Amino acid sequence: MVHKFDAIVVGAGGAGLRCALELSQHNYSVAVLSKLYPVRSHTGAAQGGVGAALGNEEPDNPEWHFFDTVKGSDYLGDQDAIEIMCEDAVEAILELEHFGLPFSRTPEGKIAQRPFGGHTKNFGEAPVKRACYAADRTGHMILHTLFEQCVKNEVRFFNEFYVLDLIMDGDICQGVIAFDLATGEIHVFQAKATMLATGGHGRAFSVTSNAHTYTGDGMAICFRRGIPMEDMEFVQFHPTGMRKLGILISEAARGEGGILRNREDLENIGSGKDGFMGALAPTVKDLAPRDVIARAMYNEIKEGRGIEGSGDTGSDYLYLDLVHLGAEIVNERLPDISHFARTYLAVEPIKEPIPVQPTTHYAMGGIPTDIEGRVLWDAKNKVVPGLYAAGEVACVSVHGANRLGTNSLLDIVVFGRRGGKDMVRYINEAEFGHITGEPDGFIRGEIDRLQNGGGTEKVVDLRPEMQNVMMVNSGVFRSKESLTKARDTILELRQRYQKIGIQDKNAYFNTELVEAIELGFLLDSAWMIAESALHRTESRGAHSREDFPERDDEKWLKHTFIHYEADSKVKFDYKPVTITKFKPKPRVY
Amino acid sequence: MYKIKEGMLAWILHKITGIAIVAFLIFHIWSMSKMSKGPEAFNAVIETYKTPLFRAGEVLLLGGVLFHALNGMRLILGEFTAWAMKQHKLLVYLTYILAGALFLVGAWFMWRAEG
Amino acid sequence: MEVTVEIYRYDPDTEESRFDTFVKEVDPKDRVLDVMMAIKDEDDGTIAFRKSCAHGVCGSDAMEINGLNRLACQVLVQDLKSKRIRIEPIRGMKVLRDLIVDMDSFFAGLEKVKPYLIPAEPAPATERLQSIGDRAIFDDTTKCIMCGSCTTSCPSFRWFNQDFVGPAAFVKAHRFIFDSRDGGNEPRLEILDDKDGLWRCHSIFNCTDACPREIHITKAIGDLKRYTVVHR
Amino acid sequence: MSSRGSSAWLLQRVTGALLFITLGTHFYLYHYFMGPGMWGFDSIGFGATDLATLKAMMESNPEMAKYYKLAHLFAAPLWKVFDVTFISLGTYHGFYGIKAIIDDWVTHDGWRSVANWVVYICGVVLWVMGIVAVISFNPELF
């Protein structure tokens with residue numbers, strides 16, 4: 001089946017819906033394709049808040065936000081993009097409020113704000129209340145509010161349509177190929193402009209806060225089509241995942257005063273006294289950026305100060321202590337995470353500390369775009385006409401080497417909106433192209449191979465192997481040795497993937513087939529992560545090389561672009577970091 | 001089969017007792033209109049009211065009416081106060097207990113009264 | 001511990017349904033979703049069900065577990081207090097395959113109540129002000145994740161009539177009607193006061209019990225009933 | 001207030017609450033008073049006659065004792081008003097309840113309206129029967 005729309009949005013999370021909303025305000029036909037129902041998107045799992053220097057609770061300033069984000073990014077973020085994001089932030093948040101988002105309120109009735117990791121006043125002086133929140137369901141409320149507005153504007157949704165490929169006419173994107181999960185049919189969607197907002201690749205790792213559906217689809221689709229990926233080595237590990245499960249305990253828990261405790265600190269539980277972060281980051285303590293805390297936690301565990309004292313970073317853990325906050329704050333401002341702790345760990349956070357360990361959380365890298373969301377062919381800013389990307393799948397780059405908490409939700413609303421605006425401009429000028437040949441031929445072949453190729457390898461064997469090798473060897477700490485092992489294992493798994501076979505032959509809701517396709521995308525993402533991490537011989541932000549522990553601005557103050565060359569072969573090129581106001585400095589908190 | 005929890009069982013009983021009461025209401029008004037036609041008609045109807053089967057039915061009806069009335073009050077309370085909504089399980093059990101207790105007293109009284 | 005898992009199967013090609021039984025060794029702290037994934041991985045890859053976030057915030061995996069609507073990712077095996085786990089699709093909506101039901105009709109139903117802010121006044125230059133108290137009135141109903149557990153647990157919907165607007169849509173309506181910033185109640189009350197609207201709620205509390213977000217849905221519906229009586 | 005569903009819902013609650021009181025009174029009168037009890041409402045002059053006359057009549061003709069009691073109540077204007085109210089509340093609440101059940105069970109629009117009309121007509125007929133019985137009862141025994 002062939003469909004024709006002026007614009008197509010792939011993915012119905014915050015970035016996709018914000019973009020669709022922008023497009024729907026004009027007289028163009030828009031379709032949103034998602035492999036889920038929109039409200040199932042992972043934006044809904046974001047908890048703590050969305051950053052904007054509204055200054056509702058105390059004086060704040062977009063320039064301070066700009067500085068914090070640059071510093072948080074370990075100076076790898078492009079400062080022109082960051083400045084735009086921090087300045088657009090105020091308007092974007094007020095707009096969300098106007099759309100009906102039920103923010104928590106200050107006593108004066110304004111949008112309430114809370115402190116968050118890495119956000120400070122006056123260029124690093126002390127923590128500042130910048131995260132606008134709706135209890136600990138900020139992402140949920142953003143997702144639902146945007147969906148509601150799309151419903152109001154009668155946006156056309158194709159739910160459970162899994163986009164598997166781009167339609168390229170030479171250098172120009174002409175739309176996408178999608179697989180209808182309900183019927184197993186392949187659909188061709190022709191469009192003048194296509195927005196990819198498909199999210200990250202957290203499921204390439206074994207412990208993750210990400211949804212099962214977070215499988216790096218958009219990145220792999222582009223990579224296979226010759227579009228490079230930017231800064232793939234930077235994967236954020238969130239300090240406080242629930243032990244073993246990886247389910248996120250929002251940074252808001254520490255924003256409200258939660259403290260991390262090790263084994264030597266057990267008698268201080270409930271006292272509100274500083275924990276080990278007090279000594280490591282004297283100004284911001286437990287509100288240091290995520291990379292800093294995740295590394296500190298790994299070190300605590302490695303040195304035997306984990307709660308079990310085993311030194312094993314895989315199974316040992318630390319405590320997040322909320323006891324001193326009291327029942328009122330825990331129940332009213334952190335209701336969801338308290339509920340998680342009770343349900344999954346049988347821990348009552350008002351009385352006991354919560355066992356936590358770092359969990360794979362966010363992809364800083366992704367499809368390279370400019371500040372209008374246009375996808376780039378190379379490090380020299382050559383645009384892919386008709387193709388846009390926003391949100392976690394994209395790399396603008398505003399997060400650089402490490403994303404600050406609350407900036408992901410900000411990223412999706414700011415750049416979803418900007419992308420939408422530029423798409424409107426582009427649609428106005430562009431004509432529909434010609435689709436020649438069989439644009440869906442490749443995908444039909446792939447699906448046929450998976451379903452009827454008689455392969456003997458199983459998804460269930462390959463997937464955990466990939467996830468474990470990535471977690472152990474391409475996790476919080478990395479080295480040449482570990483990354484080589486990760487890369488080689490992934491390449492081997494990619495070979496085995498060619499021989500995969502599935503049991504389910506049914507056309508309707510063939511979830512086994514979907515999982516096999518997702519695994520293929522994940523393997524590509526994992527490959528790019530391992531190769532890029534191996535390539536970058538320095539430590540910066542979330543990328544910590546034990547063999548290169550220092551940041552190396554001389555050699556590495558630049559973005560890496562990884563290109564697909566051939567099976568098991570990639571090549572790199574580099575793009576300089578845009579530096580406007582803040583010259584790189586050592587990063588201390 | 002969906003599990004029948006407190007509120008649902010109370011709802012089913014409310015409907016059954018409601019139907020039973022309406023059935024009796026129809027009979028009752030019909031017989032009453034006959035009774036009012038004079039002493040002979042009255043005594044003829046009274047005879048049927050005195051049969052053991054009818055009297056057993058009447059006692060059962062008392063149970064139905066008590067439950068329906070008290071459960072109805074619970075529902076009204078629930079629809080008008082947040083407190084009753086939050087305590088609905090407790091109130092369902094209270095309804096059973098109160099209806100049961102009143103039924104025992106009333107049934108004894110009725111049986112004795114018209115013996 | 002060893003559990004016996006019975007999973008509902010429906011084949012859209014043959015239109016036949018059955019239960020498949022699996023005996024699995026599980027950890028009591030496993031989520032039912034974990035058990036189902038293990039069965040899919042190890043025993044039968046053809047079982048179809050939806051899943052995404054796996055911690056109760058996306059609403060993909062609502063199903064009937066041992067006779068009650070639950071999210072499979074939110075129920076631990078030990079919570080069931082039973083060695084027999086029976087898993088069925090949520091009822092009242094068309095089953096498309098195995099545990100997957102048609103959610104399109106569910107979402108279309110929600111749209112009836114105009115589930116979006118209809119501003120009472122044009123937007124000011126800054127945010128609209130709303131007191132902490134006004135915000136608290138509808139806090140509970142903002143938690144809805146549209147999983148469908150409530151509506152499909154309600155006898156008025158699943159037994160009788162799928163035209164019934166249903167608890168999920170009432171929750172959405174409540175979230176906007178009691179939002180001090182909203183001014184679009186006329187069209188919503190039209191639907192709520194319809195023959196298939198509020199009045200077919202009989203305070204059965206199945207929805208409240210089924211809600212994975214612990215929204216007090218029956219109370220919200222009570223609020224709407226009183227509001228509708230006063231404002232119509 | 002329109003007559004869609006909201007007023008009917010409210011009326012069902014109001015009649016329900018009033019029935020709680022009127023049915024209690026009815027039970028007391030027609031089961032306690034008609035049975036062994038003599039003392040209560042009549043002693044403050046709500047019956048058709050005074051208690052002494054009633055007692056004398058009952059003793060003179062034991063066969064007719066119950067009928068006299070009934071007449072004592074039924075013929076009194078106050079209890080006529082009460083019974084008319086009670087019958088109206090009861091038939092409305094009861095038959096509206098049946099209609100609510102039909103609205104749940106009968107999904108076909110045509111059948112639903114047929115069933116509702118049957119219920120409506122039955123309700124009105126029964127209500128008229130009851131009212132006529134109460135109003136027309138005038139035996140002049142006393």
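Protein chains get the first letters and strands the later ones, always in sequence-line order, with residue 1 at the start of each. Below, each value reflects all heavy atoms present in this structure, side chains not excepted, and no hydrogens, waters or symmetry copies. Remember, it's a predicted structure, so these values are computed and weren't measured experimentally.
- Relative to the ring axis of A/Phe205, A/Arg463 does not place its NZ or CZ within 45° and under 6.0 Å from the centre.
- Of the atoms belonging to C/Glu42, not a single heavy atom falls under 4.5 Å from chain A.
- For C/Asp44, the parts lying near chain A are the backbone and the side chain together; criterion is any non-hydrogen pair under 4.5 Å.
- Options A/Asn506, A/Val39, A/Thr213, A/Thr343 differ in how many heavy-atom pairs under 4.5 Å they form with chain C, and the most are formed by A/Asn506.
- Residues A/Thr198 and A/Glu392 form no side-chain contact, since every pair of their non-hydrogen atoms from C-beta on lies 4.5 Å or further apart.
- For C/Glu15 (side chain) and C/Tyr10 (main-chain N/O), no donor-acceptor pair under 3.5 Å exists by modelled atom type.
- Residue contact with chain C, scored on non-hydrogen atoms closer than 4.5 Å, involves the backbone of A/Leu101 exclusively.
- For C/Asp104, the parts lying under 4.5 angstrom from a heavy atom of chain A are both the backbone and the side chain.
- Side-chain contact check for C/Thr21 versus C/Val5: every heavy-atom pair is 4.5 Å or farther apart.
- Of the residues considered (C/Arg175, C/Lys29, C/Lys114), C/Arg175 shows the highest number of contacts with chain A, using heavy-atom pairs under 4.5 Å.
- C/Glu111 touches chain A through its side chain: at least one heavy atom from C-beta onward sits under 4.5 Å away, while N, CA, C and O do not.
- Between A/His361 and A/Ser209, the side chains place a donor N or O and an acceptor N or O closer than 3.5 Å (distance only, hydrogens not considered).
- Listed options C/Ser131, C/Pro12, C/Gly56, C/Pro119 were ranked by heavy-atom pairs under 4.5 angstrom with chain A; first place goes to C/Pro12.
- Only the side chain of A/Leu94 comes within less than 4.5 Å of a heavy atom in chain C; its backbone stays farther off.
- With respect to chain C, the highest number of heavy-atom pairs below 4.5 Å among A/Lys110, A/His339, A/His140, A/Met242 belongs to A/His140.
- At a 4.5 Å heavy-atom cutoff, the contact between C/Pro212 and chain A is made by backbone atoms alone.
- No part of A/Ile502 comes within reach of chain C, as not one of its non-hydrogen atoms sits under 4.5 angstrom from that chain.
- Contact check for A/Phe103 versus A/Ile93: side-chain heavy atoms found under the 4.5 Å cut-off.
- C/Ser180 and C/Gln130 share a side-chain donor-acceptor pair at under 3.5 Å.
- Distance check, rounded to the nearest 0.5 Å: NE2 of A/His201 to OG1 of A/Thr208 gives 10.0 Å.
- The only member of C/Asn66, C/Asp61, C/Leu80, C/Leu33 that meets side chain to side chain contact (heavy atoms under 4.5 Å, CB included) when paired with C/Val75 is C/Leu80.
- Chosen from C/Arg97, C/Arg31, C/Glu214, C/Lys51, the residue pairing most often with chain A at heavy-atom distances under 4.5 Å is C/Arg97.
- Ranked by heavy-atom pairs shorter than 4.5 Å toward chain A, the options C/Ile47, C/Leu76, C/Leu117, C/Asp179 are led by C/Leu117.
- A donor atom on one side chain and an acceptor atom on the other are not found under 3.5 Å apart for A/Glu108 and A/Asn56.
- Side chain of C/Glu25 to main chain of C/Met1: a donor-acceptor pair is present (N/O by atom type, distance under 3.5 Å, no hydrogens or angles).
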Query raised in the report: salt bridge (charged side-chain N to carboxylate O under 4.0 Å, His left out) between C/Lys172 and A/Glu148: does it pass, once the steps are laid out?
Result: CA-CA 10 Å; C/Lys172 272 282 161 196; A/Glu148 288 153 12; 3.0 Å; yes

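- Aromatic ring pairs are classed by plane angle as parallel below 30°, tilted from 30° to 60° and perpendicular above 60°; the pair C/Phe19 and C/Tyr8 is perpendicular.
- Interface residue C/Phe49: only backbone heavy atoms are found under 4.5 Å from chain A.
- When A/Ala112, A/Pro107, A/Gly44 are compared by the number of non-hydrogen pairs under 4.5 Å with chain C, A/Pro107 comes out ahead.
- In terms of heavy-atom pairs under 4.5 Å with chain C, the best-connected choice from A/Thr145, A/Asn210, A/Asp336, A/Asn159 is A/Asp336.
- Contacts between residues 132-147 of chain C and chain A, counted as heavy-atom pairs separated by less than 4.5 Å, involve C/Ile132, C/Arg135, C/Phe138, C/Asp139, C/Thr142, C/Lys143, C/Cys144, C/Ile145, C/Met146, C/Cys147.
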Requested in this report: Let me see the working for A/Glu160 and C/Arg50 under salt bridge (charged side-chain N to carboxylate O under 4.0 Å, His left out), right down to the final yes or no.
Outcome: CA-CA 11 Å; A/Glu160 300 190 320; C/Arg50 292 184 175 113; 2.6 Å; yes

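- Ranking A/Ala135, A/Pro102, A/Ala211, A/Ala346 against chain C, the residue ahead of the rest is A/Pro102, based on heavy-atom pairs under 4.5 Å.
- In summary, the aromatic rings of A/Phe147 and A/Phe157 are positioned with their centroids under 6.0 Å apart.
- Both the backbone and the side chain of A/Tyr508 come within contact range of chain C, with heavy atoms under 4.5 Å apart.
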Query - CA sep, side-chain torsions, deciding dist, call: A/Phe340, C/His55, ring pair (Phe, Tyr, Trp, His ring centres under 6.0 Å) - result: CA-CA 8 Å; A/Phe340 296 153; C/His55 62 286; 5.2 Å; yes

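- At distances below 3.5 Å, at least one donor-acceptor pair connects side-chain atoms of A/Lys505 with backbone N or O atoms of A/Gln451.
- Residues A/Leu181 and A/Phe161 are not in side-chain contact: their nearest non-hydrogen atoms beyond the backbone lie 4.5 Å or more apart.
- Residue with the most contacts toward chain A among C/Ser52, C/Ala123, C/Cys58: C/Ser52 (heavy-atom pairs, distance under 4.5 Å).
- Proximity to chain C is absent for every atom of A/Tyr214, based on heavy atoms less than 4.5 angstrom apart.
- Of the two parts of A/Glu515, only the side chain, counted from C-beta on, holds a non-hydrogen atom closer than 4.5 Å to a non-hydrogen atom of chain C.
- Each of C/Ala125, C/Gly59, C/Ala54 has some count of heavy-atom pairs under 4.5 Å with chain A, and the biggest count is that of C/Gly59.
- Put simply, of A/Val460, A/Leu36, A/Asn510, the one with the most heavy-atom pairs under 4.5 Å next to chain C is A/Val460.
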